[in-house]
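We count ligands from 1, going down the list as the structure has it; atoms in each ligand are counted the same way.
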Amino acid sequence: MQTILIANPKGGSGKTTLATNIAGWLAGKRQRVAIDDRDPQRSSTGWLERRPALFPPIALIESGARRKDAKSLGLQWCVVDSAAGLHGDELRDALRPADMLLVPLTPSAYDMVATHNFLAGLAESKAVRQQALPIGIVAMRVDARTHSATELDDFLGGCDFPVVAHLRQTQVYVGCARDGASVFDLPRSRAEQDWEQWRPLTRWIAKHAAVKG
Ligand SMILES: Nc1ncnc2c1ncn2[C@@H]1O[C@H](COP(=O)(O)OP(=O)(O)OP(=O)(O)O)[C@@H](O)[C@H]1O
Ligand SMILES: [Mg+2]
């Protein structure tokens, strides 16, 4: 089983959006996938409860379940949606079973400072270095026309970790959150532009899964 941890201690950075859409992509590829909802707000649990039965299935690992529960489901993938404020022992526990880590980041000065500190901590972490954990950043809610998008690009240019994708700010993600859908469940006419933006991200995941075997 491959475990993808989605983490950024900054609230509202896009963790659940990223986790649910990655799970939706994998489910659409007929992979056995679960979301491990570690957030007491249970946002991704709610999303799964709203998910139409006809869509490709995604299992739920409820907060507090043990890793062996995930194994007993015969899963190929586990996407961990972590809570805001993740740090210390909880962060270490979340990193240990992870095969890759994705850090969503929105173009706001507050988010960039908080994320800078988080990434600096990860870069210094002995566990991360020993594990050779692949870490990628995903720029979320990007509106290319704005000054803040330029500031985000400047910030990302100075990061130690690769920027895997830029996802645009769009009501498509808001609708997906409401409807238990991922962009991969939508018709081409509504989501083609977003599929295009996801391509480097899905490729990054596939590459690192293949490396780990
Ligand atoms: N690309 C996008 N375009 C428009 N809205 C977006 C986009 N990405 C995320 N959002 C919206 O931004 C809000 C915050 O996103 P999300 O809930 O995924 O963040 P989070 O990191 O999981 O938050 P929390 O820390 O509270 O768990 C949500 O309302 C979500 O629908
Ligand atoms: Mg969330």
Side-chain angles (χ1 to χ4, degrees), residues 3-26 34-51 58 60-64 78-88 90-91 94-95 98 101-119 121-122 135-146 148-149 151-153 156 163-186 190-202:
T3 299
I4 306 174
L5 173 63
I6 314 297
N8 186 334
K10 189 79 181 70
S13 54
K15 296 176 285 295
T16 301
T17 302
L18 206 49
T20 51
N21 279 279
I22 289 171
W25 166 64
L26 290 165
I35 295 179
D36 182 350
D37 188 357
R38 298 281 180 85
D39 186 350
Q41 291 185 98
R42 300 177 79 245
S43 303
S44 48
T45 301
W47 179 83
L48 276 174
E49 286 167 357
R50 293 190 293 280
R51 187 165 175 79
I58 299 169
L60 170 68
I61 300 172
E62 287 195 66
S63 193
C78 176
V79 184
V80 181
D81 182 12
S82 63
L86 184 68
H87 74 290
E90 272 188 52
L91 173 60
L95 286 169
L101 166 61
L102 284 166
V103 180
L105 169 61
T106 54
S108 118
Y110 300 135
D111 289 42
M112 285 187 267
V113 170
T115 305
H116 172 80
N117 296 338
F118 179 57
L119 293 173
L122 288 174
I135 299 176
I137 301 170
V138 181
M140 303 291 287
R141 309 184 69 159
V142 178
D143 182 343
R145 296 161 302 186
T146 60
S148 58
E151 285 171 353
L152 182 69
D153 280 342
L156 292 172
V163 183
V164 178
H166 287 73
L167 305 181
R168 68 183 177 132
Q169 160 103 18
T170 166
Q171 286 300 303
V172 171
Y173 289 103
V174 178
C176 281
R178 182 193 58 221
D179 299 337
S182 73
V183 292
F184 301 97
D185 299 306
L186 301 180
R190 277 188 62 206
E192 192 166 20
Q193 188 180 347
D194 300 296
W195 294 350
E196 196 59 45
Q197 295 191 331
W198 269 79
R199 203 153 290 141
L201 176 48
T202 54

task = For atom CD of Glu151, decide whether the heavy atoms of other residues, nucleotides or ligands shown that lie under 6.0 angstrom number more than 12.
result = yes
Exam field: side chain Trp47 to backbone Arg178, donor-acceptor pair closer than 3.5 Å: no
Note: Leu18, heavy atoms under 4.0 Å from ligand 1, region reported as neither
heavy-atom search around atom 15 (O) of ligand 1 in the protein gives Thr17 OG1, 3.7 Å
Ignoring hydrogens and geometry, is there a side-chain-to-backbone donor-acceptor pair from Arg50 to Ala177 under 3.5 Å? yes
When distances are taken from atom 19 (O) of ligand 1, the protein heavy atom at minimum range is Gly14 N, 3.0 Å
A student checking ligand 1 against Arg168 at a 4.0 Å heavy-atom cut-off should list atoms 1 (N), 2 (C), 3 (N)
Looking only at non-hydrogen atoms, the one of Gln41, Arg38, Lys15 nearest atom 21 (O) of ligand 1 is Lys15
Is there a protein heavy atom at a distance of less than 4.0 Å from atom 28 (C) of ligand 1?
no
Look only at the side chain of Asp185 and the backbone of Ser182, and say whether a donor-acceptor pair between them is shorter than 3.5 Å. yes
**Message:** If we ignore hydrogens and angles and just use 3.5 Å, is the side chain of Asp37 paired with the main-chain N or O of Thr45 as donor and acceptor?
**Reply:** yes
Does ligand 1 have any atom sitting under 4.0 Å from a heavy atom of Gly12?
yes
Ligand 1 to Gly11, heavy atom cutoff 4.0 Å, flagged ligand atoms 25 (O)
### Task
Could you tell me how the ring of Trp25 sits relative to the ring of Phe184: parallel (under 30°), tilted (30 to 60°) or perpendicular (over 60°)?
tilted
* With side chains defined as the heavy atoms from C-beta onward, is the minimum distance between Asp194 and Gln197 less than 4.5 Å? -> yes
One finds that the ligand 1 atoms under 4.0 Å from a non-hydrogen atom of Thr16 are 18 (O), 20 (P), 22 (O)
Of Arg178, Arg141, His166, Gln197, the one whose closest heavy atom lies nearest atom 8 (N) of ligand 1 is Arg141
Using modelled atom types only, decide if a donor and an acceptor are shared between the side chain of Lys15 and the backbone of Asn8 within a distance under 3.5 Å. yes
Per-atom filter on ligand 1: closer than 4.0 angstrom to a heavy atom of Ala84 are 25 (O)
Here the atoms of ligand 1 under 4.0 Å from any heavy atom belonging to Val174 are 5 (N)
Short question: side chain of Arg141, backbone of Pro107 - any donor-acceptor pair under 3.5 Å? no
If you scan protein heavy atoms around atom 4 (C) of ligand 1, the nearest is Thr170 O, 3.1 Å
Any side-chain to backbone donor/acceptor pair from Thr106 onto Ser13? Under 3.5 Å, distance only.
no
If we number the atoms of ligand 1 from 1 as shown, the ones under 4.0 Å from a heavy atom of Asp39 are 27 (O)
Taking both backbone and side chain into account, is any N, O or S atom of Thr16 nearer than 2.8 Å to the Mg ion (ligand 2)? yes
**Asked** For atom 23 (O) of ligand 1, is the nearest protein heavy atom under 4.0 Å away?
**Response** yes
